[in-house]
Amino acid sequence: MDAVHEHLNMDEVKISPEWALAIPGNLAIRKQVLPFVEQDGMVYVACLESIDSQTLQAVERYVGKSIVPLTAEAKSLERTIQRVFQDVPGRNGNTTTPLRTQLAANTNTPGETEAENAVALSDEIFRAALIRSATDIHIEPNVNGVRIRLRVDGVLETYREVPGSLQTMLISRLKVLCGMDIAERRAPQDGRFTLPLDKNREIDIRAATIPTKHGERMTLRLLTMNDHPFSLNELGMSAEDNAHFRAAIHRPHGLILVTGPTGCGKSTTLYSAIRELISSRSLNVLTIEDPVESLINGVSQIEVDSNDKVSFHKALRSVLRHDPDVLMIGEIRDEETAETAIKAALTGHLVFSTLHANSAVSSISRLVDMKVRPYLVGAVLQASVAQRLVRKLCQRCRIEAPLTEEQARLLGRPALADTAAFRSTGCRYCAGTGFIGRLGLFEFVFFDPELAQQIGDRASELQLAELLRERKMPTLMDDALKKLAAGQTSFDEVITVVNPF
């Protein structure tokens, strides 16, 4: 079979680990060949123009499906194979048999081989998570075995199912790495470890176990995976909101809040704001986080201790003695932290923090619920930002799909029926998912004397929301609809993450 001359730039292609790891690492490295996605029952294989038929036949035997070889740009293919087989932990890059084949051959052999299988399987899981840029790994025992899922761009993808006989050894292997008690299987446990990638990079992994009917379940969160630090211009803010937000963060003091559910990118937004500040002038910046998700050069980052030796409140009281210009508090989660943060903002510090609230204006109610006096909230708040994340449509395979009457009604905007929108289809560049990366949706409230007065007068959340509507302040849904019409995301993504009512 001859390779199709496509000249793929593999730096722009999302790799499916299910197929990339189906061949031995030494074959991929030696012959510069890599299966990377399945579409319509065919597995697409990136290769050089000089690929020989024997190599392609070997690849086809390993993947167990018909293949379509596509020529790739040589340097980008080399970098991708390096990333898949050599830059991440495990032994697959040095073996002549894929990990999956090893496991299939040894699953039912007892004793020492089971332990070897558990080590090989954990290596493969981490390798797959890194290939897909996953943020979480879920190991879920069930009646049929163990399901392994990866959270990619906020969505859980099933990576593979393994026999239940591997469950105990796999969990024990990961517990050893995390410093947990392998003998304790009836109580939840937490742990952590660091996974080195190369001399200059490592990943901090947080793990938690909980007993279930079919055995222990484990969830692992992978931190500091993103080597590319986002700037404010890359988050998805409109030009107007970006300008207002930059003005707010360059003020000498006050409180700036980012609100939203877990995993919506709040910390990324605050990290971007801090990088913007320290790039413009010399500042003493300290952060208090649980956990530290990304390292910022030139910033003192303090991690809250799970045994409460270093709590948010204790750390915050201490760092105020270190003459900070800017403080970032990972989350305001109790009355003491809220009170100290407000006092810091009142005494000449610029304070960034996150809060669990449904909208930008509801952050005011959350602070008042924490016993912060309303006039103090009005006095210190500079900006409140509500944020969500939606997946970005692959620009190569998206297709036009105007909004139907039912979709417009579900969005709360019946007048938008038949207006422009796009949906995903899936192609070999996006690993067949139809999406590449994520995009922020934003709702901003910037506080002025009138709003501060309303808050000090104990205006309700509904009254404040009505005032903002009169000012025509864009909502999360407004921002989502702009990005939907521009073809940046899809209807399904919007309706999943934004409540239209």
Side-chain angles (χ1 to χ4, degrees), residues 1-107 116-117 120-121 123-133 150 157 159-160 162 197-198 396-397 426-433 436:
M1 66 190 79
D2 296 325
V4 179
H5 295 277
E6 180 140 342
H7 291 289
L8 290 168
N9 180 354
M10 294 302 291
D11 295 331
E12 299 176 358
V13 173
K14 296 297 180 183
I15 306 299
S16 174
E18 177 183 3
W19 300 111
L21 299 180
I23 67 171
N26 67 346
L27 173 62
I29 295 166
R30 184 164 45 88
K31 295 293 187 177
Q32 290 295 284
V33 60
L34 186 70
F36 64 93
V37 72
E38 180 192 8
Q39 269 193 296
D40 301 323
M42 310 283 283
V43 175
Y44 287 84
V45 178
C47 58
L48 299 177
E49 195 169 357
S50 59
I51 192 76
D52 60 273
S53 59
Q54 287 183 329
T55 300
L56 292 176
Q57 289 170 5
V59 171
E60 192 166 59
R61 285 197 302 271
Y62 279 116
V63 301
K65 287 181 178 285
S66 297
I67 65 171
V68 179
L70 301 174
T71 59
E73 192 273 318
K75 291 295 184 182
S76 68
L77 178 59
E78 182 182 3
R79 284 192 295 270
T80 301
I81 292 174
Q82 172 85 10
R83 177 169 60 89
V84 170
F85 290 104
Q86 293 183 332
D87 283 353
V88 295
R91 302 166 296 173
N92 199 35
N94 301 318
T95 61
T96 57
T97 308
L99 285 171
R100 186 161 305 187
T101 305
Q102 296 175 45
L103 293 169
N106 296 328
T107 294
E116 292 174 355
N117 280 341
L121 179 58
D123 288 346
E124 181 191 339
I125 292 169
F126 287 128
R127 189 181 295 275
L130 293 167
I131 291 170
R132 286 293 286 138
S133 298
L150 309 176
E157 300 177 351
Y159 169 59
R160 62 174 300 189
V162 298
L197 299 186
D198 54 35
R396 287 185 171 89
C397 65
C427 67
R428 47 184 170 263
Y429 282 88
C430 58
T433 65
I436 297 180

Report yes if some heavy atom in the side chain of [X] is under 4.5 Å from a heavy atom in the side chain of [Y]; otherwise report no.
X	Y	answer
Thr55	Leu27	yes
Leu8	Tyr429	yes
Lys14	Thr433	no
Tyr62	Pro24	yes
Leu21	Tyr159	yes
Val63	Val45	no
Arg127	Glu124	no

Would you give the length of the straight line joining atom [atom1] of [X] to atom [atom2] of [Y], rounded to the nearest 0.5 angstrom?
X	Y	atom1	atom2	result
Ile81	Lys31	CD1	NZ	12.5 Å
Gln32	Glu49	CD	CD	14.5 Å
Ile23	Arg61	CD1	CZ	12.0 Å
Ile15	Leu130	CD1	CG	13.5 Å
Arg79	Glu73	CZ	CD	6.0 Å
Ile125	Arg160	CD1	CZ	8.0 Å

Determine the minimum heavy-atom distance between [X] and [Y], stating which atoms define it.
X	Y	value
Ile436	Cys430	CG1-CB, 3.6 Å
Ser16	Arg132	CA-CD, 4.4 Å
Ala20	Val84	CB-CG1, 4.3 Å
Ile67	Glu60	N-OE2, 3.3 Å

Can you give each donor-acceptor pair under 3.5 Å made by side-chain atoms of residues 34-43, sequence neighbours left out, with the distance rounded to 0.1 Å?
{"unit_1": "Glu38", "atom_1": "OE2", "unit_2": "Lys65", "atom_2": "NZ", "d": "3.3"}
{"unit_1": "Gln39", "atom_1": "OE1", "unit_2": "Arg428", "atom_2": "N", "d": "3.4"}
{"unit_1": "Gln39", "atom_1": "NE2", "unit_2": "Gly426", "atom_2": "O", "d": "3.2"}

Could you walk me through whether Leu121 and Val162 pass the side chain to side chain contact (heavy atoms under 4.5 Å, CB included) test, one step at a time? CA-CA 9 Å; Leu121 179 58; Val162 298; 4.0 Å; yes
